[in-house]
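Each remark here refers to the structure printed beneath this line.
Note that these values count all heavy atoms, side chains included, but never hydrogens, waters or copies made by symmetry. To find a chain, count down the sequence lines: A is the first, B the second, and so on, and within it residues start at 1.
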Protein chains: 2
Amino acid sequence: MDRRQKKTRSAIFNAFSKLLAEKSYNKITVQEIIDTANVGRTTFYAHFETKDDLLKALCEELFGHIISSTLDCTHTHGLYSSGNAPESVFCHLLQHLQENENNIIELLSSESSELFLRYFKDSLNKLIENQFVNQNRKNNTDIPQDFLLNHISGSFVEMVLWWIKSRMKQTPEELDRYFRAVIEPIL
Amino acid sequence: MDRRQKKTRSAIFNAFSKLLAEKSYNKITVQEIIDTANVGRTTFYAHFETKDDLLKALCEELFGHIISSTLDCTHTHGLYSSGNAPESVFCHLLQHLQENENNIIELLSSESSELFLRYFKDSLNKLIENQFVNQNRKNNTDIPQDFLLNHISGSFVEMVLWWIKSRMKQTPEELDRYFRAVIEPIL
DNA sequence: TTTGCTATTGAACTTATTGTACGTTAATGA
DNA sequence: TCATTAACGTACAATAAGTTCAATAGCAAA
């Protein structure tokens, strides 16, 4: 890929992230993005069809990265297969979030958090689904599996939101313990 | 309140709901709203400052109604205090949703669901918080109470979303049973 | 019914934003 | 070096937001 393209793409992403941390998605104009990114109007539309398109691309980059890196770290373990091993998938995710690469936390706490949440949850679902099938579960066979899946990823997302809202006072390990306490009894 | 005001207000609400079921919030224009509602441009701005203001008013009306009506039905009971009483708060809520007063379901399944979700969850939180304090719980005292609160209301919202996404195949009673199965073990 | 008040109307208008067109400039990689 | 192509910037049409104002119509009380 052309060096110029990479440069503009990244400039636009950065500008967009910066603006998203400041104001709500629908109040951000293309004009502001290109002003902040310091690129021409035509250039923007050469890269992205619309603002929605830009958001989609940003989300794919952000969550694709965090999920695949978590997968790498834990591909040898199940969801919680090593008992209370510190290297649980969820703990890894929380640690990644705390390190806040790419300002995911800022985006999740922005006014447009809902937009990211859905992408986040979708990514999580794929991640958990993979690990879930290899899991030996209790006899909750009367509860549908996709209900449980949704419950787990949904609860996790809501917990992260709660974490951010309460200013991330807890450590990832603490949070992981809370999460186990409400999830493990039903696995 | 003047009969004319009521009429206009309701016409705008109806038009807005109809449009929200069809398309995403940020793609709806004021022009479309006033065309659908058959009111003048000036009239719209006499009632609502912005489109966001309209949304807020709609949410307050919708969720305020459903929550207070659930409160009325269950003010004599705790969260689940009557064992597996059919008149649990959650079952009531689900039944209300299924009856689909005011098209809440359509709004929650629209592309703009995120906007309603936060209102929904906020309302839920207040509702549950009230009932929660009167509840005799197990010895999960090492898990913060507001974490549990958030977990319950968050899970409920995510469950409703899952319900809608899977076309509401389950009955409210079934769903309530699923929900108990994942929530009661931690209470 | 009359009267005063107020909500609604419609049209015009300013400003802001979107998305496109096109000729020019400058960086890139072979 | 040279052909390619990304980026620039200016201009432009189309659409939308929000305001102003005079005119109209509906309401509630006398």
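Without hydrogens or angle criteria, A/Glu61 side chain to A/Leu58 main chain gives no donor-acceptor distance under 3.5 Å.
For A/Phe90 and A/Phe179, the distance between ring centers is under 6.0 angstrom.
Separating the NZ atom of A/Lys6 from the P atom of C/dA27 is a distance of 18 Å, rounded to the nearest angstrom. Nucleotide C/dG19 holds its P atom 8 Å from the CZ atom of A/Phe44, rounded to whole Å. Remark: C1' of C/dG10 and OH of B/Tyr45 are 15 Å apart, rounded to the nearest angstrom. Counting to the nearest Å, the P atom of D/dA17 and the CG atom of B/Leu54 are 12 Å from each other. For the pair A/Lys7 NZ and D/dA7 P, the interatomic distance rounds to 10 Å; values are reported in whole Å. Separating the CE atom of A/Met1 from the P atom of C/dG29 is a distance of 12 Å, rounded to the nearest angstrom. When the P atom of D/dG26 is taken as reference, atom CG of B/Asp2 falls 12 Å away, rounded to whole Å.
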Protein and nucleotides 9-12 of chain D: nitrogen or oxygen contacts under 3.5 angstrom:
| unit_1 | atom_1 | unit_2 | atom_2 | d |
| --- | --- | --- | --- | --- |
| D/dG9 | O6 | A/Thr42 | OG1 | 2.5 |

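No donor-acceptor contact under 3.5 angstrom links the side chains of B/Thr8 and B/Thr43, judged on distance only. A donor and an acceptor atom, one from each side chain of B/Tyr45 and B/Asp53, are nowhere located under 3.5 Å apart. Counting only N and O atoms by type, the side chains of A/Asn125 and A/Ser153 include a donor and acceptor under 3.5 Å apart.
Projected onto DNA chain C by closest heavy-atom contact, B/Gln5 and A/Arg3 fall at different nucleotides, the more 5' of which corresponds to B/Gln5.
A salt bridge between A/Lys169 and A/Glu174 is absent, with no side-chain N of the basic residue lying under 4.0 Å from a carboxylate O of the acidic one.
Close to D/dA6, at under 4.0 Å from its OP1 or OP2, lies no side-chain N or O of A/His47. For D/dC8, neither phosphate oxygen OP1 nor OP2 lies less than 4.0 angstrom from any side-chain nitrogen or oxygen of A/Arg4.
Across all their heavy atoms, B/Gln98 and B/Trp163 have their closest contact at CB-CH2, 4.0 Å. Of all non-hydrogen atoms in A/Phe116 and A/Leu107, the two that sit nearest each other are CD1-O, 3.7 Å.
Remark: of the listed residues A/Lys6, A/Gln5, A/Arg4, A/Arg4 is the sole one forming a side-chain hydrogen bond (donor to acceptor under 3.5 Å, both in side chains) with A/Asp2.
Interface residues of residues 20-38 of chain B facing DNA chain C, ordered by number: B/Asn38; criterion, heavy-atom separation under 4.0 Å.
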